[in-house]
Amino acid sequence: MNTDVEFHIRQNYPWTKLPANVKQSVGNSQREYEKHVLLYSIRNQLRFRNNLVRHVRKDERKYYEELLKYSRDHLMLYPYHLSDIMVKGLRVTPFSYYIGIMEDIMNSEKSYDSLPNFTAADCLRLLGIGRNQYIDLMNQCRSSKKFFRRKSARDLLPAKPVEISVEPWWTAQTGYITEDDIRICSPGEKKAIDKMIDAGPQLTGSTEYNVVLSLYNRGFIYLDVPISDDSCISVPPLEGFVMNRVQGDYFETLLYKIFVSIDEQTNVAELANVLEIDLDLVKNAVSMYCRLGFAVKKGHVISPEQLHPTWKNAPSVNRLRSTMDPQKMLLSWEQGSPVMEGGSSATDTDTTSLEEADTGSVSSLSIPAAPTKRIAFLFDSTLTAFLMMGNLSPNLKSHAVTMFEVGKLSDETLDSFLAELEKVESTAEGEAQRYFDHALTLKNTILFLRYNKELSQDQGPDIPNIGFPLDMLRCESLLGLDQATCSRVLNKNYKLLVSMAPLSNEIRPISSCTPQHIGPAIPEVSSIWFKLYLYHVTGQGPPSLLLSKGSRLRKLPDTFQSYDRLLITSWGHDPGVVPSSNVLTMLNDALTHSAVLIQGHGMHGHGESVHIPFPFNAEDLKGEFSYSNMCVHKALQKLKENVDLEHQCGYITMLNANNRHRRRPSDSAECRGDTHLGGGLDNNGSTESFELVTEENNGEIKLKTETFSSEDEWVPLELCFGMPLFSSELNRKVCRKIASHKLCSNESLQELLHSSRKLSLKVLSFVQSFQDGMQPSDLDSGVSNPLSQPPAESGVPLPALNLFFKDGQLKEWSGRAPPPLDITALQKDQPT
């Protein structure tokens, strides 16, 4: 449906008041417009009254029946905001609605994964049916078909809801109750119903707990979760969330948008204003979080005088969190908060006090009011995957699920997160070591960025300098917001953005001028284009061939013939090292669906790579080039002239393709960084399997520690902005440099703003200069016309030309794909 049409339907524009262009988009047909109105209203579960649909569909009951059928067929969440209609009018309770959905998918023999995430979570809450229970039910259903005593899916499903968590600040309202229903009620239940009929909705906490549950289970009442304009909520680590699939309906999309945007200091009305979303929609979403137990309403929710005595022993975790005195749940500064200890120095990693603290605490209210804004640490889904795998810690998975699904871990929940990271062991076997390393390095990064006095400036004698709180944000979740909304959310809450490094090539990095961003300034800086830009400005780099999508190779250029290993990067994916033998089949297959960068990596097995952290210290730039003093490499000197390495942090990967004489001195100079054979080959520094191969290939070669390392043997491979998580040693060096160079000071951040803009313009100009010479696709060239290509999801322009970096120059590569049998023509076209 056209977005303009949707906008005018949302604003209740009748046909007569529609602009001419909108009428034209629906074929100047009023009937067609009315179809759109009905479809939009049903898809978005709009109330009949006060909306445009009341002029299109006259029968209100029939409209709600269609809405309910559409929601059920599409496995959407129960429309709780229409409970008064659904329960009182149509006699469809949430329990009966989800029983119908379960019956449908069981009869269709669909898998449990067909249920969208939030729908599955609500089914688990009301029916007690999770993945294992569903598989068991399906097995029972199938086995009964083999015998004469056939059971339907409905016979196997529960007859009444499981016991649910009810909060005392929720309200209870009467549903559809007949005289026969009243006869089977106990005196206490009759009294409660009479009170609701006479005085209207009642707080559940003011009614006997068992009476509320009994009436709810029989469908005599329904529960509302009231959210006011000034309500604030917190999102603890997710429990009971089901990770199945994302459906993309209006309400699910809204739930994810608000998840990543909400914080404990912003009330619902402010949040709606920042997101520019209708206030009632935001209230519905927040109400759903609280109903599912994914969020807790903050502040004073019900007075002890109103609370019925039977609620004191009610089994409700959320109730205990929200009705206890908040100050009793907090860590006081006088007793020594672990966040203060964690941020006391740049290298402090002692978090033993976390284990003694209440891990469920919410520490925001005990923090002095000075730091109104926070630091945001941006990560991608790769990190959450590592935390979910490997069984790192018993309770770490709930935090990892929160990081992935909510897209955010707020400062208030980081105490319990750090306590879980503290339990992670430092050693593991095989590939699992990679996951453990990331977890431990992440812990050190959080402790460094969070409440670190060295990262903030004194704001006066009356305001204590305690550093800044830290939130963790998932890039993909932020990208679910449109660019303007994302900018408003970030500017409202954050002083500084810090990215992990490297971010996956499969996502688009966050672009932000304000707040300033220690990380890729624009998506192009985190793409293949930036590699070519580095080689272009320094005149050094491994031989690199960028082939546009649709190209086809019959033979590798002669330059790559001397290489035993090649570094292959498909557009929008992370790089990998492959043997040069039989690589053509794989390359041509990849070229059918994306552009590909081919780079020489190692002439004798894998090349050797070294990660050099920046910004550089003054002493790093003194002396002659050596293996332990790579900062004086001439390529890095040229790079400093074109890229601001003083007000950013990150690392530069240097590559030595001829690794026969590898030198590994014992000193650990800052400028040498971390050494890897095949290091930096994948997005997260997995080097183990590459090292094994290299050692096998070179097992007979003795390492000569005194072998001279020539400056010409080393070339820059890539530059990554941000904080590396794949190496604890490299991470510690970068942290020290951030503190010593005062990168978080206002002066440095202002310089970063200017230099990021300059770099962005330079890189964009560079990309454009190699797109302008584009010619229409030639039948012989093997280069597809970019106009026929779908736009890249990341927004980074795809290469229109084949480009070759060789002998210090980046040029267009004119290799042409010959007729199938004319091999000699191909050899003539190859550069020598």
Side-chain angles (χ1 to χ4, degrees), residues 1 3 6 9-10 39-47 66-83 86 94 97-98 100-102 104-105 110-127 129-131 134 225 227 233 235 238-262 268 271-272 274-295 381 384 401-408 473-482 485-486 489:
M1 192 182 296
T3 53
E6 285 191 357
I9 294 173
R10 198 161 51 243
L39 181 60
Y40 178 85
S41 303
I42 288 176
R43 279 180 178 172
N44 291 273
Q45 298 178 329
L46 297 184
R47 191 173 286 274
E66 288 182 38
L67 185 152
L68 201 61
K69 183 179 185 306
Y70 180 90
S71 299
R72 177 171 158 173
D73 291 345
H74 289 80
L75 309 179
M76 294 170 68
L77 279 164
Y78 180 83
Y80 286 101
H81 60 290
L82 302 175
S83 289
M86 296 298 159
Y97 174 80
Y98 288 124
I101 282 181
M102 277 292 176
D104 290 344
I105 66 170
K110 292 182 178 177
S111 72
Y112 183 75
D113 292 328
S114 62
L115 283 174
N117 294 344
F118 287 100
T119 304
D122 211 13
C123 285
L124 178 62
R125 181 181 73 96
L126 291 173
L127 311 183
I129 299 176
R131 187 181 305 279
Y134 181 80
V225 181
I227 299 295
I233 68 165
V235 180
L238 292 183
E239 297 290 347
F241 193 90
V242 182
M243 297 179 69
N244 277 0
R245 70 180 180 93
V246 177
Q247 176 165 271
D249 65 70
Y250 90 100
F251 197 53
E252 181 186 68
T253 303
L254 178 67
L255 286 168
Y256 278 114
K257 279 185 178 180
I258 294 176
F259 249 160
V260 75
S261 309
I262 203 159
V268 171
L271 181 64
V274 170
L275 296 177
E276 293 185 353
I277 295 175
D278 181 71
L279 178 58
D280 288 333
L281 281 176
V282 176
K283 286 182 178 178
N284 291 343
V286 172
S287 175
M288 181 62 74
Y289 296 145
C290 295
R291 188 185 293 273
L292 296 176
F294 298 155
S381 297
T384 61
V401 171
T402 307
M403 291 166 68
F404 184 81
E405 294 293 348
V406 177
K408 179 177 184 176
L473 302 177
R474 188 171 74 106
C475 289
E476 294 94 327
S477 298
L478 286 174
L479 294 172
L481 306 172
D482 64 78
T485 302
C486 181
V489 169

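Values below: every heavy atom of this structure, side chains too, minus hydrogens, waters and symmetry copies. Because the structure is predicted, anything quoted here is derived from the model rather than measured. Each residue takes its place number in the sequence, starting with 1.
- Here the side chains of Leu271 and Ser261 are in contact, with some heavy-atom distance below 4.5 Å.
- The closest side-chain heavy-atom distance from Glu276 to Thr485 is not below 4.5 Å.
- The backbone N or O of Arg245 sits less than 3.5 Å from a side-chain atom of Asn117, completing a donor-acceptor pair.
- No donor-acceptor pair closer than 3.5 Å links the side chain of Tyr134 to the backbone N or O of Met102.
- The distance from atom CD1 of Ile129 to atom SG of Cys123, rounded to the nearest 0.5 Å, is 7.5 Å.
- Glu252 places a side-chain N or O within 3.5 Å of a backbone atom of Gln247 that can act as its donor or acceptor partner.
- Of the possible donor and acceptor atoms, one in the side chain of His81 sits under 3.5 Å from a partner among the backbone N and O of Gln45.
- Note that CG of Leu75 is 10.0 Å distant from CG of Asp249, once rounded to the nearest 0.5 Å.
- Minimum interatomic distance between Gly248 and Thr253 (heavy atoms only, all atoms of both residues): O-OG1, 3.5 Å.
- Atom CG in Asp73 sits 11.5 Å away from atom CD in Glu66 (nearest 0.5 Å).
- Between the Ser287 side chain and the Ile227 main chain, no donor and acceptor come within less than 3.5 Å of each other.
- The distance from atom CG of Leu115 to atom OH of Tyr98, rounded to the nearest 0.5 Å, is 10.0 Å.
- Of the possible donor and acceptor atoms, none in the side chain of Glu405 sits under 3.5 Å from a partner among the backbone N and O of Val401.
- Between Arg131 and Asp113 a salt bridge is recorded (basic side-chain N to carboxylate O distance below 4.0 Å).
- Proximity of Val268 to Leu279: side-chain heavy atoms (C-beta onward) are separated by under 4.5 Å at one or more points.
- Of the possible polar contacts, none joining the Lys408 side chain to the Ser477 backbone as a donor-acceptor pair under 3.5 Å is found.
- Between the side chain of Ser71 and the backbone N or O of Leu67, at least one donor-acceptor pair lies under 3.5 Å.
- Between Asp122 and Pro94 the shortest side-chain heavy-atom distance does not fall below 4.5 Å.
- In this structure the side chain of Thr119 never reaches within 4.5 angstrom of the side chain of Tyr78, judged on heavy atoms.
- Taking all atoms of both residues into account, the shortest heavy-atom contact from Leu254 to Leu281 is CD2-O, 3.5 Å.
- In this structure, Arg72 forms no cation-pi arrangement with Tyr97, as its terminal cationic atom is not both closer than 6.0 Å to the ring centre and no more than 45° off the ring axis.
- Between the side chain of Ser114 and the backbone N or O of Lys110, no donor-acceptor pair lies under 3.5 Å.
- Atom CZ of Phe404 and atom CE of Met243 lie 5.0 Å apart (nearest 0.5 Å).
- At distances below 3.5 Å, at least one donor-acceptor pair connects side-chain atoms of Asn244 with backbone N or O atoms of Tyr112.
- Tested against Tyr289, the residues Tyr80, Phe251, Phe241, Phe259 include a single ring pair (Phe, Tyr, Trp, His ring centres under 6.0 Å) partner, Phe259.
- When all heavy atoms of Gly407 and Val260 are compared, the closest pair comes out as O-CG2, 3.6 Å.
- Annotation: Tyr256 is in aromatic contact with Phe118 [ring centroid separation under 6.0 Å].
- Within the model, atoms CE of Met76 and CZ of Arg43 stand 10.0 Å from one another, a figure rounded to the nearest 0.5 Å.
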Apply side chain to side chain donor-acceptor pair (under 3.5 Å) to the pair Arg474 and Ser381, showing each step before the final yes or no. CA-CA 7 Å; Arg474 188 171 74 106; Ser381 297; 2.7 Å; yes

